[in-house]
**Q** 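I'd like to ask some things about the structure below.
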Amino acid sequence: MKNIAFMLLVIICFFPATAKSDLANLAPIYGIASTNSSYNGGPNEVYSPPYTPDRAIDGNLDTQWNAGSWPNANSPFWVIVNLQNMFEVDKIVLYSKDTYYSDYYYESYNLFSSLDGANWNLLQSGNLVDNAVLFRSEIPLSAILQYVKVEIPAGTHWAHLNEIQIYGNTSPVPIPGAVWLLGSGLVGLLAIRKKLKK
Ligand SMILES: [Ca+2]
């Protein structure tokens with residue numbers, strides 16, 4: 001009986017910490033985007049310049065960040081999205097499209113996450129097909145992160161992204177609070193268990 005009561009207390013104390021609230025694309029809600037290169041556009045542009053990094057997280061698949069084309073002194077190009085807090089993230093989706101040129105092109109990418117914007121964890125490397133059809137690359141995850149970096153180190157023509165979608169729990173992860181709660185919860189459980197044993 002005492003063991004059952006203890007198990008119930010454990011479930012009550014720890015279930016709320018693992019319950020998930022709404023999932024959404026966090027990038028347009030919280031994201032601040034930066035880059036090392038923005039192409040300023042030229043004549044006969046299909047998309048509306050400037051191709052600034054905020055265009056990669058504006059929730060619009062028809063606008064894009066464009067770093068320029070190769071060769072370029074700023075390569076490898078990168079765009080960083082800072083969510084301003086730590087979040088639980090379930091997947092990242094990258095979109096690219098080039099309607100100006102209909103021939104086949106590609107651009108390679110390295111996708112990183114970070115908690116502090118200084119130490120980066122490589123999540124995936126791959127290629128984005130870059131032609132007139134909107135290309136979608138979905139990367140499933142189970143991670144806590146604050147920063148996402150997409151690096152484009154090589155390709156056949158443009159370095160650009162129409163959208164970086166970061167899907168996760170809309171409530172930030174309160175790391176110091178969670179640690180404090182876990183600590184106080186364990187102390188409480190130990191005290192209750194001691195009482196039950198008496
Ligand atoms: Ca966009």
Side-chain angles (χ1 to χ4, degrees), residues 9-38 51-61 63-67 74 76-96 107-126 128 135-153 159-190:
L9 276 170
V10 170
I11 291 166
I12 290 164
C13 288
F14 289 96
F15 181 74
T18 57
K20 291 205 168 187
S21 61
D22 294 339
L23 298 179
N25 176 16
L26 306 174
I29 302 171
Y30 301 107
I32 297 172
S34 57
T35 184
N36 66 337
S37 183
S38 279
Y51 303 111
T52 46
D54 55 291
R55 299 295 182 97
I57 55 167
D58 62 359
N60 183 349
L61 297 179
T63 60
Q64 66 174 228
W65 160 69
N66 191 326
N74 288 339
F77 306 107
W78 52 259
V79 61
I80 291 175
V81 181
N82 177 3
L83 296 175
Q84 305 183 72
N85 270 299
M86 294 181 194
F87 290 89
E88 283 181 66
V89 171
D90 291 301
K91 65 178 175 182
I92 295 175
V93 187
L94 304 176
Y95 286 92
S96 69
E107 53 190 327
S108 60
Y109 71 86
N110 296 315
L111 177 67
F112 301 88
S113 70
S114 176
L115 294 173
D116 57 9
N119 298 292
W120 295 96
N121 174 40
L122 179 64
L123 300 171
Q124 182 155 317
S125 296
L128 297 169
F135 184 79
R136 182 180 189 276
S137 180
E138 180 173 324
I139 299 102
L141 283 181
S142 178
I144 292 175
L145 57 83
Q146 178 171 336
Y147 298 85
V148 169
K149 175 161 76 172
V150 183
E151 184 184 73
I152 302 184
H160 59 183
L161 285 169
N162 284 48
E163 204 68 10
I164 303 166
Q165 297 179 339
I166 305 167
Y167 286 93
N169 194 318
T170 53
S171 300
V173 177
I175 291 296
V179 170
W180 183 86
L181 276 175
L182 182 65
S184 62
L186 285 174
V187 169
L189 281 174
L190 287 173

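In what follows, every heavy atom counts, from backbone to side chain, and hydrogens, waters and symmetry copies are set aside.
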**Q** So Leu145 and Asn121, do their side chains get closer than 4.5 Å, heavy atoms only?
**A**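 No, side chains not in contact.
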**Q** Measure across Pro76 and Pro153 and return the closest heavy-atom pair with its distance rounded to 0.1 Å.
**A**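 Minimum heavy-atom separation between Pro76 and Pro153: CB-CA, 3.8 Å.
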**Q** Hey, is the main chain of His160 close enough, under 3.5 Å, to the side chain of Asn66 for a donor-acceptor pair?
**A**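 Here the side-chain-to-backbone pair does not exist.
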**Q** Rounded to the nearest 0.5 Å, what separates atom NZ in Lys149 from atom OG in Ser34?
**A**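 Taking NZ in Lys149 and OG in Ser34, the distance rounds to 10.0 Å.
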**Q** Between the side chains of Ser125 and Asn110, is a donor N or O closer than 3.5 angstrom to an acceptor N or O?
**A**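 Their side chains do contain a donor-acceptor pair, which is all the 3.5 Å distance test asks for.
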**Q** Where is the tightest heavy-atom contact between Gln84 and Tyr30, given as atom of each residue plus distance?
**A**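 In this case the closest contact between Gln84 and Tyr30 is NE2-O, 2.7 Å.
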**Q** With side chains defined as the heavy atoms from C-beta onward, is the minimum distance between Asp58 and Glu163 less than 4.5 Å?
**A**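 Answer yes - side chains close enough.
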**Q** As an exercise, state the distance from CG of Leu128 to OH of Tyr95, rounded to the nearest 0.5 Å.
**A**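 Answer rounded to 0.5 Å: 12.0 Å.
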**Q** Looking only at atom types and distance, does a side-chain atom of Asn162 sit under 3.5 Å from a main-chain N or O of Leu61, one as donor and one as acceptor?
**A**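 Answer holds: yes.
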**Q** Please report the C-alpha distance between Ile164 and Leu94 in whole Å, then the side-chain angles of each, then the deciding distance to 0.1 Å, and finally whether the side chain to side chain contact (heavy atoms under 4.5 Å, CB included) criterion is met.
**A** CA-CA 5 Å; Ile164 303 166; Leu94 304 176; 4.0 Å; yes
**Q** Is it the case that Gln146 and Asn82 place a side-chain donor and acceptor less than 3.5 Å from each other?
**A**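 Their side chains do contain a donor-acceptor pair, which is all the 3.5 Å distance test asks for.
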**Q** Any chance you could measure Asn119, atom CG, to Phe112, atom CZ, to the nearest 0.5 Å?
**A**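 Atom-to-atom, Asn119:CG and Phe112:CZ are 12.5 Å apart.
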**Q** So which atom in Val79 and which in Ala33 form the shortest heavy-atom distance, rounded to 0.1 Å?
**A**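 Where Val79 meets Ala33 most closely, the heavy atoms are CG2-CB, 4.5 Å.
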**Q** Going by side-chain hydrogen bond (donor to acceptor under 3.5 Å, both in side chains), Trp65 matches just one of Thr52, Asp54, Thr35. Which one?
**A**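 Filter result, single survivor: Thr35.
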**Q** What is the distance from atom CG of Asn169 to atom CE of Met86, rounded to the nearest 0.5 Å?
**A**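 Between atom CG of Asn169 and atom CE of Met86 there are 15.0 Å.
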**Q** What distance separates Asn36 CG from Trp78 CH2, expressed to the nearest 0.5 Å?
**A**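 So the gap between those two atoms works out to 5.0 Å.
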**Q** Testing the basics here: between Ser96 and Glu107, what is the closest heavy-atom pair and its distance to 0.1 Å?
**A**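 Closest approach of Ser96 to Glu107: CB-OE2, 3.7 Å.
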**Q** Might you work through the side chain to side chain contact (heavy atoms under 4.5 Å, CB included) test for Glu138 and Gln165, ending with a clear yes or no?
**A** CA-CA 9 Å; Glu138 180 173 324; Gln165 297 179 339; over 6 Å; no
**Q** Minimum heavy-atom separation for Glu88 to Ile144, with atom names?
**A**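 Residues Glu88 and Ile144, closest heavy atoms: CG-CG1, 4.1 Å.
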**Q** Would you name the heavy atoms of Ala67 and Ser37 that are closest together and state the gap between them?
**A**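 Result for this residue pair: O-OG, 2.6 Å.
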**Q** Does any part of the side chain of Val148, heavy atoms only, come nearer than 4.5 Å to the side chain of Leu123, both counted from C-beta?
**A**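 Side chain of Leu123 against side chain of Val148, heavy atoms only: no contact under 4.5 Å found.
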**Q** According to ring pair (Phe, Tyr, Trp, His ring centres under 6.0 Å), who are the partners of Tyr147, at least two apart in sequence or on a separate chain?
**A**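 Expected list: none.
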**Q** Would a 4.5 Å heavy-atom cut-off, applied to side chains only, mark Trp120 and Ser114 as touching?
**A**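 Heavy-atom side-chain distance check passes, below 4.5 Å.
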**Q** Answer yes or no: is there a side-chain heavy-atom contact under 4.5 Å between Ile57 and Ile166?
**A**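 Ile57 vs Ile166: side chains apart.
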**Q** Evaluate the side-chain proximity of Tyr109 to Ser137: yes if any heavy-atom separation is below 4.5 Å, no if none is.
**A**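 Of all side-chain heavy-atom pairs linking Tyr109 with Ser137, at least one is under 4.5 Å.
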